[in-house]
Structure formats: structure tokens, C-alpha cells
Protein chains: 2
Amino acid sequence: MPDGVEKKPSRIQQRNRRRILDAALDVFSKHGYRGATLDQIAEAAGLSKPNILYYFDGKEEIHVTLLNQLMETWLDPLVTLDPDGDPLREILGYVQRKLDMARDLPRESRLFAGEILQGAPRMAPHLVSGLQPLFDEKCAVIKAWMDRGALADVDPRHLIFSIWATTQHYADFDAQVRVLLREDARCHDGAGQYLQTLFTRLLTP
Amino acid sequence: MPDGVEKKPSRIQQRNRRRILDAALDVFSKHGYRGATLDQIAEAAGLSKPNILYYFDGKEEIHVTLLNQLMETWLDPLVTLDPDGDPLREILGYVQRKLDMARDLPRESRLFAGEILQGAPRMAPHLVSGLQPLFDEKCAVIKAWMDRGALADVDPRHLIFSIWATTQHYADFDAQVRVLLREDARCHDGAGQYLQTLFTRLLTP
DNA sequence: TCGTGCCTTTACCAAATGGTAAAATTTGCC
DNA sequence: GGCAAATTTTACCATTTGGTAAAGGCACGA
């Protein structure tokens with residue numbers, strides 16, 4: 001057996017770790033790191049607290065594991081941005097993918113938002129090592145599109161920020177959106193149409 | 001003395017209540033409601049914990065008081081939106097005021113964001129009684145502007161959401177913005193220019 | 001200056017919470 | 001079936017935390 005390689009986890013391990021992480025995502029995204037308790041996570045996972053601690057070294061490890069897993073999912077839509085595609089279509093596609101994620105993965109969006117809101121205490125390294133290089137790379141791609149006149153000229157960094165802000169808003173500020181739209185079921189489609197218009201008008205040369 | 005009217009608080013009362021609220025704003029905005037402790041607030045305020053509880057009935061009352069005070073400040077820029085002003089100028093002015101607030105009152109922005117993120121458990125009534133009517137009113141104003149052709153036709157509700165999202169992003173996601181812009185000191189001006197362009201292109205008929 | 005009422009501190013407490021030790025149970029393999 | 005290893009439970013523990021009781025200090029008007 002190769003050195004330093006752990007043997008594959010048993011079926012029970014896999015199932016229980018997944019259960020715990022899913023429960024923890026629920027609880028952490030609802031109450032924040034400090035607001036979440038191991039008892040809540042344990043109950044949501046259908047396991048006892050000591051049993052939770054058999055699978056994870058502690059509350060923090062659960063949180064960090066969640067954040068690590070999330071990073072990949074979260075960056076995926078940006079990774080997909082294709083330098084060889086049609087610029088406007090690529091951007092609008094990115095906006096739509098981000099908006100769909102806000103609808104389909106609101107817990108993940110809120111977990112991420114909560115972590116950043118509190119200064120990214122457990123995520124700062126990931127931001128620098130994972131997000132920053134990708135951000136710089138895609139900014140350069142967008143800049144190149146603008147330089148060859150395929151998109152209107154704006155600051156690519158703020159462009160990306162505004163895409164993140166507008167799309168994630170629907171997940172992170174859901175409580176507010178629901179009150180103001182009175183639970184409008186067509187909210188997502190309306191937001192999609194609006195954002196497509198917004199970025200089309202901004203970027204059409 | 002009129003019935004049910006409390007006599008005006010002493011100078012000491014005023015000073016200490018203000019100190020406590022300022023300290024609490026610091027602590028709550030940094031760590032969230034559950035993450036904040038009375039001990040932290042007490043230390044930041046330069047008072048003992050029981051002394052804090054002499055001025056407020058408990059942790060929750062401090063938080064609610066803060067939220068109540070914040071509501072007024074927070075809605076003010078929207079209140080100012082003038083139905084008789086020049087439509088585009090009014091909207092762009094609103095964007096700028098919100099962005100300035102994100103720079104000047106980041107603690108308030110994060111306190112608000114944290115509360116909404118967790119489902120507005122202590123603020124839902126205020127949203128319905130304070131924000132919702134104002135939101136509806138200003139949506140109607142914007143709608144009227146669009147109907148008479150002074151602004152391009154988009155959904156006013158999503159327009160307002162996108163203004164909130166893009167401006168508050170710089171306060172709420174500061175930790176991320178700082179990493180990605182590498183602490184760029186000119187960030188605020190850059191954001192201002194970008195957002196003015198964004199909403200001008202969207203709304204110019 | 002003296003007492004009354006406002007303010008502050010000291011010394012506590014009960015509940016909640018993250019975590020542990022070790023016994024008991026179950027699982028998977030021969 | 002039987003046994004070793006993996007899993008789960010029971011019974012705890014130390015710390016943190018929101019909150020209280022009551023005594024002490026202080027300011028200020030009579």
C-alpha cells in the first residue's frame with residue numbers, strides 16, 4: 001500500500017460524512033458559524049453529538065470542510081468562461097449560471113456570504129490561492145475582449161463584482177426580497193430577464 | 001407630568017447608552033448576533049457587563065435598538081428620491097448616496113446584511129411596516145417615469161434590488177474585494193464611475 | 001453636610017456548549 | 001458462528017455566556 005494514502009472510506013463513513021455535511025450546511029447557513037451548535041447539526045443529521053465528533057475533529061473542521069467543498073462549486077461558472085466564445089454571449093451565460101446557482105444552491109450562497117461578511121476568518125487563504133488567480137485571469141480575458149472592441153469598455157473587476165452582487169443578492173437577501181415581492185413565484189424569471197437587459201445594455205459596444 | 005412620558009435621561013445616561021450602542025455596533029457587525037458576547041461589548045464600551053445590563057434589558061434589546069436606529073439612516077437615501085426631479089439624475093444620485101454610505105458606514109451595512117442573511121429574525125416587522133411601503137411608493141414613482149418615456153423600461157423592483165446589491169457589496173464583501181483589488185485605495189472612485197456608467201446605459205431611453 | 005436616588009462593582013448562578021472517556025453494540029470478514 | 005475492527009451510545013466535564021442580587025460609591029439638591 002502506498003505511503004501516506006488513506007484507504008477508501010467504508011460505505012457507512014461515506015454516508016454519515018455526507019449526512020453530517022448536509023446537515024451542517026443547513027445549520028451553518030441559517031445561523032452562522034457561532035450561531036450553529038453541534039447539537040443542532042447532530043439532530044439535523046440524525047446522529048448523536050459524540051458520533052458527529054467521531055467523523056470530524058470538531059466544529060471548525062466541519063465548517064472548513066464545507067468551505068473547501070464549496071469553493072470548487074462556486075468557482076465553476078467562472079472557470080467555464082470561454083476566451084474563444086462570443087464575448088457578450090459568454091458574459092450573459094455567466095450571469096445566468098450564477099443566477100441559477102443562487103436559486104438552486106441558496107444555502108451555499110449564504111454560507112459563503114456569512115463567511116466573507118465576517119472578514120473571511122477561515123477562508124482568506126482560499127481567496128488568495130483559489131479565487132485571486134482565477135479572477136485575474138478572467139479579468140484579462142474580458143479586458144482583451146474590450147480592447148478588440150467586442151465589448152464596451154468598463155472596468156472588468158467592477159463588472160465581475162456587479163455580476164456577483166446582483167445574482168447572489170437573490171439568495172443572500174432572500175428574506176428581504178420575499179417581503180418586497182410578496183413571495184412572487186415568478187421572481188426568478190423576472191430577475192433573469194432584468195439582469196440580461198442590464199448587462200446587455202452595459203456591454204453592447 | 002404627562003402620563004406615560006419618561007423624563008429626559010441624564011447626561012451620564014446619554015453618554016453611556018451611546019457608548020454601549022457604538023461598541024455593540026462594532027461587535028455585532030464583526031461577529032453577528034450569536035457571535036457577539038456581552039463581555040466583548042462591555043470591554044469595547046469601557047464598562048462592566050452588569051453596568052451594560054443596567055442600561056439595557058439584555059443582549060437582544062441592544063441589538064433591536066441598533067436595528068431600529070439603523071432603519072431610519074438606511075432608508076433616508078431612498079426617501080430623498082424626488083418624484084419631481086430629473087429621473088436619470090435622481091437615480092444616479094441615489095446610487096452615489098448608497099455607495100457613499102457603504103464607504104462611510106460599513107458597520108451599519110454589515111449589521112443589516114447579517115440580520116437579513118439569517119432570515120431577518122428580529123427585523124421582519126420593520127421590513128413590512130417600514131421598508132415595504134416606501135419600496136412600493138418609489139417603485140411607482142420610477143414606473144411613472146418610465147411610462148412617460150423619461151427612463152428606459154425595466155422592472156423597477158429589480159432595478160432597486162440591483163442598486164442595493166451593487167453598492168452594498170463593497171461594504172458587505174469588503175474582505176473579498178480587498179483581496180481581489182489588492183487593497184486598491186482608489187477602489188471607491190472606481191466603483192462610483194463604474195456604477196454610474198452601468199445605470200446610465202441601462203436607463204437612458 | 002447630609003441623605004436620597006442614581007450609578008457601578010463584586011460575587012455569583014444556571015444553562016448552554018464544545019468536547020472526551022470508555023463501555024456497549026454492530027459490522028464485515030474468515 | 002466467532003472475532004477483530006469499526007461504529008454508536010452513555011455518562012461526563014470544563015468553559016463560556018447571558019443574566020442577577022446586593023452591597024458600595026457617588027452626585028447633587030436641601
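Chain letters run A, B, ... following the sequence lines, proteins first, then strands; residues in each count from 1.
With hydrogens and angles ignored, the 3.5 Å screen pairs no side-chain donor or acceptor of A:Q132 with any backbone N or O of B:L180. In this structure, A:E115 contributes its side chain and A:L67 its backbone to no donor-acceptor pair below 3.5 Å.
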Give me, pair by pair, the N or O atoms of the protein and of nucleotides 18-25 of chain C that are less than 3.5 Å apart, along with how far apart they are.
{"unit_1": "C:dG18", "atom_1": "OP1", "unit_2": "A:A36", "atom_2": "O", "d": "3.3"}
{"unit_1": "C:dG18", "atom_1": "OP1", "unit_2": "A:K59", "atom_2": "NZ", "d": "3.0"}
{"unit_1": "C:dG18", "atom_1": "OP2", "unit_2": "A:L38", "atom_2": "N", "d": "2.8"}
{"unit_1": "C:dG18", "atom_1": "N7", "unit_2": "A:K49", "atom_2": "NZ", "d": "2.9"}
{"unit_1": "C:dG19", "atom_1": "OP2", "unit_2": "A:K59", "atom_2": "N", "d": "2.9"}

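Figure legend: A:K49 and A:Y54 shown without cation-pi pairing, the cationic atom not lying both under 6.0 angstrom from the six-membered ring centre and within 45 degrees of its axis.
When the P atom of C:dC6 is taken as reference, atom OH of B:Y55 falls 12 Å away, rounded to whole Å. Atom-to-atom, CD of B:Q40 to P of D:dT17 comes out at 7 Å; the value is rounded to the nearest Å. In this entry the distance linking CD1 of B:I20 with C1' of C:dT8 reads 12 Å, nearest Å. One can place CZ of A:R15 at 10 Å from P of D:dT7, the figure rounded to the nearest angstrom. In this structure, B:H63 places its NE2 atom 13 Å from P of D:dG19, rounding to the nearest Å. Computed from coordinates, the A:L47 CG to D:dA6 C1' distance equals 15 Å when rounded to whole Å. Protein atom CZ of B:F56 is 16 Å distant from nucleotide atom C1' of C:dT8, rounded to whole Å.
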Exercise. Could you give me the CA-CA distance, side-chain angles and deciding distance for A:K143 and A:D153, then say whether salt bridge (charged side-chain N to carboxylate O under 4.0 Å, His left out) is met?
Key: CA-CA 8 Å; A:K143 180 75 167 38; A:D153 203 36; over 6 Å; no
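Side-chain N/O atoms of A:N51 include none lying less than 4.0 angstrom from OP1 or OP2 on D:dT7. Taking only side-chain nitrogens and oxygens, A:Y54 never comes nearer than 4.0 Å to OP1 or OP2 of D:dT9. Taking 4.0 angstrom as the limit, A:N16 places none of its side-chain polar atoms (N or O) nearer than this to OP1 or OP2 of D:dA6. For the pair A:S48 and D:dT8, the criterion of a side-chain N or O lying under 4.0 Å from OP1 or OP2 is not met. Dashed line: the shortest gap from a side-chain N or O of B:Q13 to OP1 or OP2 of C:dC7 is under 4.0 Å.
Side-chain rings of A:F199 and A:Y194 stay apart, their centers remaining 6.0 Å or farther from each other.
Counting heavy atoms from C-beta outward, B:D104 and B:H188 have side chains that stay 4.5 Å or more apart.
Checking B:Y170 against A:H158 by side-chain atom types alone, a donor-acceptor pair falls below 3.5 Å.
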